[in-house]
Amino acid sequence: MFKPSIVAAAIALSISLSGCNNDNGSGSSTNKDDQQSTLAVLKYVDPLIGTDGLGNVNPSPVTPEGMIQPSPDNWNPNNWGGKGSPSDYHHYLNQLSGFSTTHISGAGKGDLNDFAFLPYTGFHSTAVTMDKQTEVSKVGYYAVDLIETKVKAELTATDRVAFQRYSFPGGADRKVKIDLQHELLEQYGNHSRSIYYKKVADNAIAGARTSNEWGQWQTVYFYAEFSEPFSGHMAYVDGKQTAATEVGLADYQGYGDKRERISDVVTHLNFGAGEQPITVKIAISGTGIDGAIANLNADTNGYDFDDVVTDNQQQWADVLNKFTIKGGTQADKTMFYTSLYRTYVAPFVYQDVDGKYRGMDGKVHQAEAGFTNYSVYSMWDTFRAAHPLKTIIDKDRAIEYAHDLMNKFKTGGVLPKWELHSDYTGEMVGYPAVSVIADVMVKYPEAFTQQDFELALQAADVSANFDLTITQDWVPYKDAWNGDKRFTVMTRHGEYAEQHGYVPADAKKQPQDGGIAQDKYDELVNESVSYGLENAYYDWCIAQIAKLAGDDAQYQRYMARSQAYKPYFHHEVSEYGKYGATGFMRPKNHDGSWVNNYPSCAIDGQGDPIAPLPVDCDISDATSFDIFWPYRAEHRGQDFTEGNTWQWSWFAPHDIDGLKQTMGGEAGFLQNLDALFTANDKADTSQGDMTGYIGQFIMGNEPDHHVPYLYNWTAEPWKTQEYVDQAMKEFFHPTKEGLIGNEDVGQMSAWYIMGALGFYQVNPGEPVYTIGRPLFDEVKFDVDGGQFTITAENNSPDNLYVESVTINGKPLGNNYTFDHSKIQAGGELHFVMTNKKPSVN
């Protein structure tokens, strides 16, 4: 049919290399044997892990932090009319709609997926069946045979250019369909607002797509060149063929642009019969087609697909060889290195080769020397472990992130929540960018100037407080489709917390309904408990920035606001004892009354709903919002975000001692932790984001990620070692279903990495770590100036308890903690492990 790719042989060679990188130095070498040795680590990366189940990842052969992510998109006729799943790809599905060029890793949303290319023969230009037996997904390389058309498709990428190579059966016309309207998850609001297309030359096309869902006016430009000229060209606009070679608005302005625009363009190219594969190079840009052309022209690979694969793999080997490992199983190493791989997918570089980038104001800016614009900051997820991990293993990059976020404030007027291709999405809770900035600044204050500290404080202060005047000129968010989304970026939660000491649950209700709403923007003051708890932490982070800036007034202000978590906790053992707890975080009205009174007649002695209800009990639904039931799962819009009070009662990482006292002291704190991990894990499993249960601890979503480590602040720290070990063993596997929840752009993987290393940062913004239990016998990783080592004596799967631990030869501090400064070149974190559970003090 066609000759096997040279790449397949190269991949097989690299995979067959025996051994690991354990005994090899990091970095590349001109010596061929040394180069093969450094590439050996790649066999421990499997991009298909998590592509089924809940991970929502894709097998894109992206480069480290590369701005283009070519990957297959599935067609599932039984799922939303064939528009695919949130991941764009599931391994178990075998229908392909095309290979699109931009993707989000593991966020469970349908944004991006721009510009889908599909090779075909004959007239089979609709969904095609993938031969899963031929599918190959490795670092830097993806390939699959397409059954009906007998085409072999291969993908790879450089930092800004996607390479797709199509091998066709002999004698057939070689054709390619380009679907510029390509949309996934239309039911979530993902629509193409405007599409532009142009035939540039006999072997080149270009275009642009502006779409909306999370990003309201997310615009991407592309330029593509083919290895041969095409002899046939057909374009369809809204399903109707046109002879035009240029359609749509090349300069679409977004909101306010009343010109007629096109939202559906499909192009068919025919290269005629031939023996050679067709290779297409696709470059993208956020600034314009000229930027995409410049990005492609800067690529020096020509059409040498195989060389691109080799270069891509070498880049990844340089990243992954930051770590060398001894001990552990093949599965452990595969999970570790695949997790490390995933943490380097994003944030990614989002600027052209000439330094031009699209700012948060929608305008094109020129980067100053030394500055890089990044994109895809899933910060509500990644502030917890993914960003702290980068501060340890990639100091320079972490510092760049802080400068980039501050620059986004300068160009957009407010810090982003969940930034996407230079668009504000307003997604998720609070203002987590302040955590990312504070954590870097407190760890590396010498890397920032006084002006930087003051700018960071200004950005944080603006972003934490509602100000109608700041956003009145934000054109992209005055949109009839999704309403006024400006104030999901900057809401009144902080204002109410400062006024009342917490965010009242009835702040969104009108006064005639018993609430205190001021205007329509208070409709967004919801999820009061989750916002109130997280914002208290974010305000503490702002206080740390204020301290660095030398602004005592702002320090005192935000430290006071950081205590706003306390009023939510209802400490009442007589009510909550049936759950084994002393109390829970609960929504509270402005008058101090608790929302949803406790329905004792509807709950049995174990805290489960009674069914059928007693005849004298007038509550018909024990899971309704009219009563309090700690197991009731909420997604969005009520009192909690993607969880229930079991999970959210623990979010005060900045004040663990204060949380202890709020819960009734040391004994109450320990009692509540035990109740969490032993609670009924089947009481309410209605929310898809709540996965990976140990009791009511949820591994599959972010709010609980720090909680197992809180046992280190009790008299029974060995339970941290037990539960971290259990979570790693039960919820992370090197299989297609191997991730227990959304990958969320590196957070799930970063949690695993920190767990495997044996330490974790409970409170980003405070440069202090506490321990868990190490997975490997020895790990060495690059730090500023050299390597840091973690060793585990007597380590084994059965010896999961820490008998003793030292940092650089000295015992750890209280709560098994040590400072970030101790992770230094030549340093060592040394564990002695045992199978004996320590006796309870």
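Heads up: numbering here begins at 1 and tracks the sequence.
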Below 4.5 Å, heavy atoms only, C-beta onward: do [X] and [Y] meet side chain to side chain?
| X | Y | value |
| --- | --- | --- |
| Phe348 | Gln69 | yes |
| Val802 | Ile771 | yes |
| Asp404 | Tyr377 | yes |
| Met360 | Val414 | no |
| Met748 | Met699 | yes |
| His705 | Gln747 | yes |
| Tyr424 | Glu419 | no |
| Pro703 | Phe651 | no |

Salt bridge or not for Lys326 and Asp777, using N-O below 4.0 Å? no
Do NZ/NE/NH1/NH2 and the carboxylate oxygens of Arg384 and Glu534 come within less than 4.0 Å? yes
Shortest non-hydrogen separation from [X] to [Y] and the atoms involved:
| X | Y | result |
| --- | --- | --- |
| Pro653 | Val762 | CB-O, 3.4 Å |
| Met67 | Val349 | CB-O, 2.7 Å |
| Ile49 | Pro734 | CD1-CA, 3.5 Å |
| Thr391 | Tyr444 | O-OH, 2.5 Å |

Is the backbone N or O of [Y] less than 3.5 Å from a side-chain atom of [X], with the two atoms forming a donor-acceptor pair by type?
| X | Y | value |
| --- | --- | --- |
| Tyr816 | Val805 | no |
| Asp439 | His387 | no |
| Asn795 | Phe776 | yes |
| Asp352 | Tyr357 | no |
| Thr714 | Tyr711 | yes |
| Asn808 | Glu828 | yes |
| Gln313 | Val139 | yes |
| Asp539 | Ala560 | no |
| Ser530 | Thr641 | yes |
| Thr343 | Ala386 | no |

Checking ring-ring contact (aromatic ring centres under 6.0 Å, His included) against Phe336, which of Phe323, Tyr44, Phe781 comes through? Phe323
Answer yes or no for Lys390 and Tyr344: cation-pi contact, defined as NZ/CZ to six-membered ring centre under 6.0 Å and angle to ring axis within 45°. yes
Apply the test side chain to side chain donor-acceptor pair (under 3.5 Å) to residues Asn742 and Asn56: give CA-CA distance (whole Å), side-chain angles for both, the deciding distance (0.1 Å), then the verdict. CA-CA 6 Å; Asn742 277 350; Asn56 280 328; 2.6 Å; yes
Step by step, would you call Arg160 with Ile68 a side chain to side chain contact (heavy atoms under 4.5 Å, CB included)? CA-CA 6 Å; Arg160 292 178 176 86; Ile68 193 165; 5.5 Å; no
Contacts of Tyr538 that satisfy ring pair (Phe, Tyr, Trp, His ring centres under 6.0 Å) - sequence neighbours left out: Phe383, Tyr431
Val376 and Val745: side chain to side chain contact (heavy atoms under 4.5 Å, CB included), yes or no, with the steps? CA-CA 8 Å; Val376 179; Val745 198; 3.9 Å; yes
In Å, rounded to the nearest 0.5 Å, how long is the span from CD of Glu427 to CG of Leu420? 10.5 Å
May I ask you to decide if the ring planes of Trp214 and Trp418 are parallel, tilted or perpendicular, using 30° and 60° as cut-offs? tilted
Gln554: which residues meet the side chain to side chain contact (heavy atoms under 4.5 Å, CB included) condition with it, sequence neighbours left out? Leu457, Asp461, Ala546, Asp551, Arg557, Tyr558
Option passing side-chain contact (heavy atoms from CB on, under 4.5 Å) with Val779 (candidates Leu757, Thr789, Ile753): Leu757
Test side chain to side chain contact (heavy atoms under 4.5 Å, CB included) on Met833 and Gln721 and set out the steps. CA-CA 11 Å; Met833 308 301 293; Gln721 297 145 36; 5.8 Å; no
With ring pair (Phe, Tyr, Trp, His ring centres under 6.0 Å) as the test, would you mind laying out the steps for Tyr374 and Tyr350 before giving the verdict? CA-CA 5 Å; Tyr374 291 91; Tyr350 197 63; over 10 Å; no
May I have the step-by-step check of side chain to side chain contact (heavy atoms under 4.5 Å, CB included) for Glu766 and His654, ending in yes or no? CA-CA 8 Å; Glu766 181 183 16; His654 60 292; over 6 Å; no
Using the salt bridge (charged side-chain N to carboxylate O under 4.0 Å, His left out) rule, take Lys719 and Glu722 through it: C-alpha gap first, then chi angles, then the decisive distance, then the call. CA-CA 5 Å; Lys719 289 182 178 177; Glu722 286 186 338; over 6 Å; no
Intermediate values then yes/no, ring pair (Phe, Tyr, Trp, His ring centres under 6.0 Å), Tyr565 and Trp650: CA-CA 10 Å; Tyr565 73 91; Trp650 299 98; over 10 Å; no
Can you name the one residue among Gln450, Gln458, Gln451 that meets side-chain hydrogen bond (donor to acceptor under 3.5 Å, both in side chains) with Glu454? Gln450
